[in-house]
Amino acid sequence: MSLEDGIFEQRAARVKEIEALGFKPYGKRFDYTHTIPEILAAYGDKTAEELVPPPPAPEAVRVRIAARIQTVRRMGKAAFMHVQQNGAKLQFYIKKDAISEQDYALFNLLDIGDIIGADGYLFRTRTGELSLHVEKLEFLSKILLPMPEKFHGLEDVETRYRQRYLDLISNPESRDVFVTRAKVISSIRRQLEERGFIEVETPMMQTVYGGAAARPFVTHHNTLDVDLYLRIAPELYLKRLIVGGLERVYEINRNFRNEGVSTRHNPEFTMVEFYQAYTDYKGLMDFTEEMLRQIALDSTGGAVVPYGDLQLDFGNVRRLTMREAVVEFWEGDGRPTLDDVRNPEWLLANTHKATPGEALGHLFEVHAEKKLQQPTIIYEFPIEVSPLANNSPDDPAMVDRFEIFVAGMEIGNAYTELNNPMEQRRRFDSQLQMRDRGDDEAHQMDEDYLRAMSFGMPPTGGEGLGIDRLVMLMSNRQSIRDVILFPLLRPEGEIGMADRLRRLDA
RNA sequence: GGGCGCGUAGCUCAACUGGCAGAGCAACUGACUCUUAAUCAGUAGGUUGUAGGUUCGAUUCCUACCGCGCUCACCA
């Protein structure tokens, strides 16, 4: 028998002993008076005398707490434990004299990782630590498996992703990441709501997919007997809503793209997309700068955010055209001039791409993208890589579009929406040609979208922000998997837990 | 998909050039009524990711596979 099995069976036996003592080892309501963070906030700076006035102490602070046991230091007939709740920890002091015989028997059956409730009063130990003097114990849930090591926590990356619950229990900094994530999302929501945007939900299963250049996942609906695509973007549906007169809409949810995984890509990822009628991409640039700065403030407390070796300044966003960026960040010999990168022949001669616009986009990715460390807006994109954006009034090769780059990552994409159905039809047709040339990420024809646009779509600005990447920046994480609770992994194979539990019943 | 690296007790890690697979934490027994990575004495715990191969002998060398990480490619 392995050690782990031994602990498992021994603890299962303890469940019965705990029951025999009159406690319910699982599933009992427990109305606590304070969470541990609340206790630390309210009493963290109180002195020993303030907590327990001398001598007999009728006015001591009595509280009732639920928490998970983190460490235990037993010393004969007394013990100290650290327990944690909501990412904060508190010390419990348990003395045989101070609790009932039944509770002391329970205490002797407790394991690190058990969830317990306690009544008692707050005091300071001889060394000055705020602690709970336990007077009554309650049992709330049993741990059967051994906890990770208390000092190092759970380090194994794979286990941290697969068993995120363990990661969250044993690594406070991992918990902090997801708290930051929640702050980023609520900051975005609040800012959009304040500006009159309403939140909507559009289909994630679509018969025609679009709104981005990507390959989709395919699934199947049985009774309708149709294949459906998991959406690669909500864009085309949100713009249908703009046609319908929902003039400021946003959606925060998942997109699915059937591509490789990396430190910056997970096949399902979260975006916020928002659309505002009667504005354009310049209006969105101003809004975006404000929003990024506010997200940084709301989630980290400052506009300057540490990221690896960098200090990212979200209070100061640079703006460059794509052509300027290619010229400025050109690597190696033969740096082009602005006239070169405007010249279709030069562009085609310097890449293997089929069109000047794809060529410019490629040169930008190769030379400039990873050098954009501080928050930077890149604007004026080639028409060929922007099938849904409106033409620039003064340059037929370009569209009114920008992207935001931080730490070499694209975190946002916005443009003045194309609202002319005749031009949109031509763009779809040229996407179909790219598809015929073997580009399986080019857009499909979406006739209902053309129909919607034919009812008249107001001039509109639209934008998408990658939430996961934003959270990476705000929480100083280098891998997208660190900011997604359950990132996609290959299946792990036999776990054997059901069998183990089955044996306990036998 | 290519390249590089990693996989040893529940967890965190050792094991020299191929020569008895070890420690700390966790667990168990005992001592201890203000400890804090508690301490002290003792006990138990291993298919070294899997399957082959080389060898008198493999955690160590070789091959394949599985899983994870980094990186390049692909990709917003």
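Note on naming: letters A, B, ... go to the chains in the order of the sequence lines (proteins, then strands), and numbering restarts at 1 for each one.
In this structure, A:D97 reaches the bases: a heavy-atom distance under 4.0 Å links it to at least one base atom across the strands shown. Counting non-hydrogen atoms under 4.0 angstrom, A:S262 reaches nothing in the nucleic acid. At the heavy-atom level, A:L489 lies under 4.0 Å from the strands shown only through sugar-phosphate atoms. At the heavy-atom level, A:E149 lies under 4.0 Å from base atoms of the strands shown. A:R162 comes within contact range of the sugar-phosphate backbone alone, with a heavy-atom separation under 4.0 Å but no base atom that close.
In this view, A:R490 satisfies the side-chain hydrogen bond (donor to acceptor under 3.5 Å, both in side chains) rule with no residue, not counting sequence neighbours. Under the rule for a side-chain hydrogen bond (donor to acceptor under 3.5 Å, both in side chains), the partners of A:T202 that lie at least two apart in sequence or sit in another chain are A:R231, A:E251. Qualifying salt bridge (Lys or Arg N to Asp or Glu O under 4.0 Å) partners for A:D119, counting only residues two or more places apart in sequence or in other chains: A:R64. Scanning for side-chain hydrogen bond (donor to acceptor under 3.5 Å, both in side chains) contacts around A:E328 gives A:R318, with sequence neighbours left out. Among residues two or more places apart in sequence or in another chain, the side-chain hydrogen bond (donor to acceptor under 3.5 Å, both in side chains) test is passed with A:H362 by none.
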Which side-chain N or O atoms in residues 69-81 of chain A pair as donor and acceptor under 3.5 Å with protein atoms at least two apart or in another chain?
| from | atom 1 | to | atom 2 | distance (Å) |
| --- | --- | --- | --- | --- |
| A:T71 | OG1 | A:R73 | NH1 | 3.4 |
| A:T71 | OG1 | A:H82 | N | 3.4 |
| A:R73 | NH2 | A:H82 | ND1 | 3.4 |
| A:R73 | NH2 | A:Q91 | OE1 | 2.8 |
| A:R74 | NH1 | A:F107 | O | 3.4 |
| A:R74 | NH2 | A:L110 | O | 3.0 |

> Using Watson-Crick and G-U wobble pairs with both distances under 3.5 Å, what is the 5'-to-3' dot-bracket string of RNA chain B, with [ ] for crossing pairs and | for pairs outside the strand?
Replying inline: (((((((..((((.....[..)))).(((((.......))))).....(((((..]....))))))))))))....
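Within residues 107-124 of chain A, the residues that place at least one heavy atom under 4.0 Å from RNA chain B are, in residue-number order, A:I112, A:F123. For RNA chain B, the residues of residues 355-386 of chain A within the heavy-atom distance limit of 4.0 Å (strictly under) are A:F381, sorted by number. Proximity of residues 85-93 of chain A to RNA chain B (heavy atom under 4.0 angstrom from any strand atom) is restricted to A:Q91, A:Y93.
Regarding A:K353, its NZ atom lies at a distance of 11 Å from the C1' atom of B:C74, rounded to whole Å.
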Protein-nucleotides 38-42 of chain B N/O pairs under 3.5 Å:
| from | atom 1 | to | atom 2 | distance (Å) |
| --- | --- | --- | --- | --- |
| B:A38 | OP1 | A:K150 | NZ | 2.1 |
| B:A38 | OP2 | A:R73 | NH1 | 2.9 |
| B:A38 | N6 | A:R74 | O | 2.9 |

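Residue pairs satisfying the ring pair (Phe, Tyr, Trp, His ring centres under 6.0 Å) criterion with at least one member in residues 251-271 of chain A, sequence neighbours excluded, are absent.
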